[in-house]
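In this chain, residues are counted from 1 in sequence order. Note that the coordinates shown come from a computational prediction; the quantities given were computed from them, not determined experimentally.
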Amino acid sequence: MKKLCCMLALVAGLGLLAGLRAADDPPKKADADSAAKARGHLPPNWNKIGLSEDQKKKIYKIEGDASAQINDLKKKIEQLQADSRTEMLKVLSDDQKTKLKELAVGEKPAEKKP
């Protein structure tokens, strides 16, 4: 969990630096055009049904909003899992906690799949 927080802080810091750097540069025509044509992802075959640019923009916004909510829920799930593990450990005796640690050390690390 701490690694995740550190990584998020690093990414946020880099994003802030990039934003400050971009604010110093005058906007280019290509940058303005690409901002106006911000793209998301359409579901399979949706690009073949003749969507207007307005429809695409609305779909991209819906997708972006949903992605943000999904990411928030994933963070909540991770936190709930960590909290429940902490509460479960409180139920164990000191001997049981020690045995659990010994068992964890004896386990083989998960094999990496290519």
Side-chain angles (χ1 to χ4, degrees):
M1 190 67 186
K2 286 184 181 181
K3 288 182 183 180
L4 177 64
C5 290
C6 290
M7 289 176 56
L8 289 174
L10 178 63
V11 170
L14 291 174
L16 178 61
L17 288 175
L20 292 174
R21 170 89 174 129
D24 291 340
D25 297 336
K28 299 176 185 174
K29 185 177 186 324
D31 290 341
D33 289 342
S34 64
K37 294 182 180 180
R39 298 284 181 207
H41 299 322
L42 292 174
N45 297 317
W46 283 47
N47 60 341
K48 299 176 185 176
I49 59 172
L51 295 172
S52 70
E53 284 300 314
D54 186 51
Q55 287 175 312
K56 288 179 185 179
K57 286 179 187 177
K58 289 178 182 178
I59 291 168
Y60 296 150
K61 178 165 179 13
I62 292 167
E63 179 188 36
D65 293 344
S67 290
Q69 290 178 3
I70 289 168
N71 288 336
D72 289 344
L73 290 172
K74 284 180 181 180
K75 289 177 187 176
K76 289 179 182 180
I77 289 169
E78 289 174 359
Q79 186 62 50
L80 180 58
Q81 289 172 332
D83 292 346
S84 66
R85 176 64 83 169
T86 301
E87 290 300 312
M88 288 189 286
L89 288 172
K90 289 179 182 178
V91 174
L92 302 179
S93 68
D94 289 339
D95 287 341
Q96 291 170 326
K97 290 176 188 176
T98 302
K99 287 178 185 177
L100 188 61
K101 286 179 186 177
E102 290 171 358
L103 291 170
V105 171
E107 291 178 357
K108 294 181 183 178
E111 292 183 22
K112 294 182 181 178
K113 296 181 181 179

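Under 3.5 Å, the side chains of Asp83 and Gln79 contain a donor-acceptor pair of N or O atoms. A donor-acceptor contact under 3.5 angstrom links the side chains of Lys48 and Asn45, judged on distance only.
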Do any side-chain atoms of residues 96-105 form donor-acceptor pairs under 3.5 angstrom with protein atoms, and if so which ones, sequence neighbours left out?
{"from": "Gln96", "atom 1": "OE1", "to": "Ser93", "atom 2": "N", "distance (Å)": "2.8"}
{"from": "Gln96", "atom 1": "OE1", "to": "Ser93", "atom 2": "OG", "distance (Å)": "3.3"}
{"from": "Thr98", "atom 1": "OG1", "to": "Asp94", "atom 2": "O", "distance (Å)": "2.9"}

Salt bridge (charged side-chain N to carboxylate O under 4.0 Å, His left out) for Lys90 and Glu87? Distances and angles first, verdict last. CA-CA 5 Å; Lys90 289 179 182 178; Glu87 290 300 312; 3.2 Å; yes

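The backbone N or O of Leu42 sits nowhere less than 3.5 Å from a side-chain atom of Glu63 that would complete a donor-acceptor pair. Side-chain atoms of Gln55 come within 3.5 Å of backbone N or O of Ser52 as a donor-acceptor pair.
Residue Trp46 holds its CH2 atom at 5.0 Å from CD1 of Ile59, rounded to the nearest 0.5 Å. Separating the CG atom in Leu73 from the CG atom in Leu80 is a distance of 11.5 Å, to the nearest 0.5 Å.
Under a hydrophobic-cluster definition in which Ile, Leu, Val, Met, Phe, Trp and Tyr are linked whenever side-chain heavy atoms come within less than 4.5 Å, directly or via other members, Ile49 and Tyr60 are assigned to the same cluster.
A salt bridge is defined here as a Lys NZ or Arg NE, NH1 or NH2 lying under 4.0 Å from an Asp or Glu carboxylate O, and Asp72 with Lys76 fails to meet this definition. Looking at Glu53 and Lys56, a side-chain N of the basic residue comes within less than 4.0 Å of a carboxylate O on the acidic one, giving a salt bridge.
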